[in-house]
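Please read the structure below before turning to the comments.
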Amino acid sequence: MSDSAITPLFVRLKLSLLRNGLRQSGGRKAAYIASAVCALLFAALQLIGLIALRGHAHAESVVVPAAAVLGLGWAVMPLFFPGGDETLDPTRLVMLPLRPRPLVRALLVASLVGIGPLFTLCLLVGSVVAVARGGAAFAVGVVAVVLALLVCVALARAVAAANVRLLTSRKGRDLAVLSGLVIAIGAQVVNFGAQRLGASGLGELDPAADVLRWVPPASAIGAVHAVGEGAYGRALAQLALTAGALAALLAVWSRHLTRLMTSPDGSTLPAAESAARERTSTGLGRLLPAGRTGTVMERSLRYVWRDPKTKAAWVTSLAIGLIVPVFNAWQGTGSVYFACFAAGMLGIQMYNQFGQDTSAFWMVAMTISSTRDAYVELRARALALLLITLPYATLVTVVTSAMLGDWRRLPEALGLSFALLGAMLATGAWTSARFPYSIPQEGYKNVAPGQAGLAWISIFGGMVAAALLCAPVIALTIWLNVSAGGDDWAWLLLPVGAGYAAALTAAGLRLAAPRTARRLPEILTAVSKG
C-alpha cells in the first residue's frame with residue numbers, strides 16, 4: 001500500500017470504530033448521542049458568546065486565555081481519560097509495516113474525526129471572529145484556526161504516545177481518578193474567577209493575555225488580533241511560533257512512535273517486582289489491631305488505594321471537602337462552620353459498604369455466621385474510615401479557622417464536625433445493610449442498571465437522617481451563641497460533639513449488625529448485579 005493511501009484508510013478505520021462502538025448496545029448509543037448533543041449545544045452557545053464579544057475592548061483578553069486553556073485540556077485529556085479513544089494506543093499497530101512519518105500523518109488526520117475536534121473548531125472560529133478586524137485578519141484567521149486545531153490534536157497524541165505504556169497498565173488507568181480532583185478545583189477556580197471578573201471587569205485578564213499570546217496554540221489567535229492592529233511583524237512571529245510548536249510536537253510524536261514500534265515492552269517487569277515486594281511487606285498490618293478487626297481494616301484501606309472506583313470517590317471527597325471551606329474563607333465570605341463540609345463528604349464513604357466489594361462480597365459473607373461477626377466487620381470498616389476522616393476533618397477545620405482568624409469558634413466547629421461524622425457512620429452502616437446496591441467495575445457508572453432508586457434512598461435518605469441526628473448538637477451550638485455568657489461554655493461543644501459521635505456510631509453499628517447477619521443472601525444478590 002502506498003503512503004498516500006494510508007491516510008484515507010485510517011479515517012475510514014476511525015469511522016468504523018465509532019460506528020461499531022455504537023452498535024454494541026442501545027444504552028451506549030443513547031449516551032453517545034446525548035453527550036454529542038450536549039457538547040455541540042454548548043459549543044454553539046460558546047460560539048455565539050464569542051461572536052458577541054466582537055468589537056469589545058477586551059475581546060483578546062478573553063479569547064487568548066480561552067485558547068490556552070483549550071490547549072491545556074487537550075494535553076491532559078489522554079491522562080485523565082485514557083479509555084476515551086481507542087486510537088490513542090499506537091501499540092495496536094506494531095505488527096503493521098508502517099513508517100513513522102506516513103503513520104503520523106494518517107493518525108493526525110484521523111484524530112480530526114470526532115466530537116472533541118468539532119467542539120474545538122467551533123471555539124477557535126468564534127475566537128477568530130471576536131478579534132479579527134479587516135480582510136487580512138480574517139485571511140490569517142483561517143490559517144490560525146488550522147494551526148491551532150492541529151497543535152491541540154498533536155499535543156494530545158504526543159502526550160498519549162509518550163505515556164502509552166503507563167496509560168494501558170492498571171495503575172496508569174488509575175490516573176483517571178484525578179479527574180474528580182481537577183473538576184472540583186476547576187469549578188471553584190472558575191467560580192472565584194467569575195466573581196472577580198464580575199466585580200472588576202474583563203480588564204483583569206489583560207496581564208494573563210499579554211503572556212499567553214506567545215504560548216501556542218493561543219499565539220495563533222494573538223496573531224489574528226495583531227494583524228487587525230497592523231502589527232504584521234508580531235503576527236508573523238506568533239504564527240511562526242505556532243507552526244514551530246506543531247513541528248516540534250510532530251517530531252516528538254514520531255520519535256515516540258518509532259520507539260514503541262521497535263522496542264520491547266518491559267513496563268510490567270518493575271510492576272511485577274514491586275507487587276512481589278508489596279506482598280511480602282507487612283508494615284501496614286503491624287500497625288493495625290490483631291484478628292478480624294485488623295484484617296478488615298487493612299482490606300478496606302487497600303481498596304481505597306487500589307480500586308479505581310473507590311479511589312475516585314475518595315479523591316473527589318477529599319478535594320471538595322477541602323476546597324469548599326478554603327475557597328470561601330479565601331474570598332472572605334466563609335464561616336468556620338463550612339469546615340463541616342469535609343466531615344460530610346468523607347462520611348458518605350460509609351454508605352454502601354458492601355457494594356464496594358462487588359461480587360467479591362461472597363468471600364466476606366462466608367466469614368459472617370453470627371451477629372457478632374457482622375458487628376466486628378462493620379466496626380472494622382468504620383475504624384478504617386476514621387483513620388482518614390478524623391485527622392482530615394480536624395485539619396480542614398484548623399486551616400479554615402486560621403484563614404478566617406476565628407480561633408474562638410474552633411471547638412464548636414470541631415464538635416459539630418465530629419457529631420456529623422458519627423451520625424453519617426451510624427446511618428451509613430444501617431443503610432449499607434438495608435439498601436445495598438452494586439457498583440459496576442467497568443465504565444464510569446457508579447450504580448448498576450435498575451438500582452438507581454436504591455442508591456438515592458441509601459445516600460440521600462441516610463444524609464437526611466444524619467442531619468436529624470445532629471439536631472441536638474446544632475441546637476446546643478445555637479443556644480450557646482445566642483445566650484448571655486454562652487461563649488464561656490462554647491468549648492464544651494468539642495467533648496460533647498465527640499462523645500455524641502461515639503455514641504451514635506456505636507448505636508448505629510449495633511442496629512445494623514443483626515440486620516446484616518439476617519440479610520446476607522439478599523445483600524450478596526444486590527451487590528453482585530453489576
Inset, instruction - Compare all side-chain heavy atoms of Phe435 with those of Asn352 and state whether any distance is below 4.5 angstrom. - result: no
Inset, instruction - Would you check if the side chain of Glu522 reaches a backbone N or O of Pro436 as a donor-acceptor pair within less than 3.5 Å? - result: no
Inset, instruction - Indicate the atoms forming the closest heavy-atom contact of Ala218 with Ala67, along with that distance. - result: CA-CB, 3.9 Å
Inset, instruction - Calculate, to the nearest 0.5 Å, the distance between atoms CG and CD1 belonging to Leu520 and Ile523 respectively. - result: 5.5 Å
Legend entry - Close side-chain approach of Leu53 to His58, heavy-atom, < 4.5 Å: no
Inset, instruction - Starting at CG of Leu107, measure out to CH2 of Trp253 and round the result to the nearest 0.5 Å. - result: 5.0 Å
Inset, instruction - Measure the spacing between OH of Tyr437 and OG1 of Thr431 and express it to the nearest 0.5 Å. - result: 8.5 Å
Inset, instruction - Determine which pairs satisfy salt bridge (charged side-chain N to carboxylate O under 4.0 Å, His left out) with at least one residue from residues 125-144, sequence neighbours left out, and list them in order. - result: none
Inset, instruction - Show the numbers, then the answer: is there a side chain to side chain contact (heavy atoms under 4.5 Å, CB included) between Leu47 and Leu123? - result: CA-CA 6 Å; Leu47 178 61; Leu123 265 63; over 6 Å; no
Legend entry - Shortest non-hydrogen contact between Ala59 and Ala130, atoms and distance: CB-O, 4.0 Å
Inset, instruction - Locate the shortest heavy-atom distance separating Pro325 from Val396; write the atom from each residue and the value. - result: CG-CG1, 3.7 Å
Legend entry - Heavy-atom donor-acceptor pair, Tyr303 side chain to Gln356 backbone, under 3.5 Å: no
Inset, instruction - For a side-chain contact (heavy atoms from CB on, under 4.5 Å) with Ile221, tell me which candidate from Leu212, Val145, Val63 qualifies. - result: Val63
Inset, instruction - Could you name each residue pair satisfying side-chain hydrogen bond (donor to acceptor under 3.5 Å, both in side chains) that touches residues 139-151, not counting sequence neighbours? - result: none
Inset, instruction - Please report the shortest heavy-atom distance between Pro117 and Leu112, naming the atom on each side. - result: CB-O, 3.5 Å
Inset, instruction - Verify, without hydrogens or angle tests, whether Arg54 (side chain) and Val129 (backbone) share a donor-acceptor contact under 3.5 angstrom. - result: yes
Inset, instruction - Apply side-chain hydrogen bond (donor to acceptor under 3.5 Å, both in side chains) to Glu60 and list each qualifying residue two or more places apart in sequence or on a separate chain. - result: Arg213, His225
Inset, instruction - Indicate yes or no for a side-chain donor-acceptor contact from Thr367 to the backbone of Val364 under 3.5 Å, with no hydrogens or angles considered. - result: yes
Legend entry - Stepwise side chain to side chain contact (heavy atoms under 4.5 Å, CB included) check, Phe10 with Val109: CA-CA 8 Å; Phe10 271 67; Val109 175; over 6 Å; no
Inset, instruction - Check whether more than 12 heavy atoms from other residues, nucleotides or ligands sit under 6.0 Å from atom CH2 of Trp362, and answer yes or no. - result: no
Legend entry - Flag, side chain of Lys311 to backbone of Trp305, donor-acceptor distance under 3.5 Å: yes
Inset, instruction - Only counting residues at least two apart or in another chain, list the ones meeting side-chain hydrogen bond (donor to acceptor under 3.5 Å, both in side chains) with Arg12. - result: none
Inset, instruction - Report yes if the side chains of Val128 and Leu50 come closer than 4.5 Å at any heavy-atom pair, otherwise no. - result: no
Inset, instruction - Mind running side chain to side chain contact (heavy atoms under 4.5 Å, CB included) on Gln349 and Ser317 for me, showing each step along the way? - result: CA-CA 9 Å; Gln349 304 308 315; Ser317 296; 2.8 Å; yes
Inset, instruction - Grab the two heavy atoms, one from Ala106 and one from Ile6, that are nearest each other, plus how far apart they are. - result: CB-CG2, 3.5 Å
Inset, instruction - State, yes or no, whether a side-chain contact exists between Leu346 and Leu385 at a heavy-atom distance under 4.5 Å. - result: no
Legend entry - Thr310: partners by side-chain hydrogen bond (donor to acceptor under 3.5 Å, both in side chains), with sequence neighbours left out: Asp307
Inset, instruction - Give a yes or no on whether the backbone of Val153 and the side-chain of Ser111 come within a donor-acceptor separation of less than 3.5 Å. - result: no
Legend entry - Check: Ser458 main-chain N/O paired with Tyr351 side-chain donor or acceptor under 3.5 Å: no
Legend entry - Close side-chain approach of Arg157 and Leu249, heavy atoms under 4.5 Å: no
Inset, instruction - Ignoring hydrogens and angles, tell me if any N or O in the side chain of Ser219 forms a donor-acceptor pair with the backbone of Leu239 under 3.5 Å. - result: no
Legend entry - Shortest non-hydrogen contact between Val224 and Ala144, atoms and distance: CG2-CB, 3.7 Å
Inset, instruction - Look at the rings of Phe354 and Phe361 and say which category their plane angle falls in: under 30° parallel, 30 to 60° tilted, over 60° perpendicular. - result: tilted
Legend entry - Contacts of Thr525 that satisfy side-chain hydrogen bond (donor to acceptor under 3.5 Å, both in side chains) - sequence neighbours left out: none
Legend entry - Under 3.5 Å donor-acceptor, Thr242 side chain and Pro216 backbone: no
Inset, instruction - Would you give the length of the straight line joining atom OG of Ser300 to atom CG of Asp357, rounded to the nearest 0.5 angstrom? - result: 7.5 Å
Inset, instruction - Report the distance from atom CG of Leu103 to atom OG1 of Thr7, rounding to the nearest 0.5 Å. - result: 9.5 Å
Legend entry - From CA spacing to verdict: side chain to side chain contact (heavy atoms under 4.5 Å, CB included), Trp314, Ile388: CA-CA 10 Å; Trp314 272 95; Ile388 302 174; 3.6 Å; yes
Inset, instruction - First locate atom CE of Met424, then atom CD1 of Ile459, and finally report the distance between them rounded to the nearest 0.5 Å. - result: 9.0 Å
Inset, instruction - Determine whether Val227 and Tyr232 make a side-chain contact, defined as any pair of heavy atoms from C-beta on separated by less than 4.5 Å. - result: yes
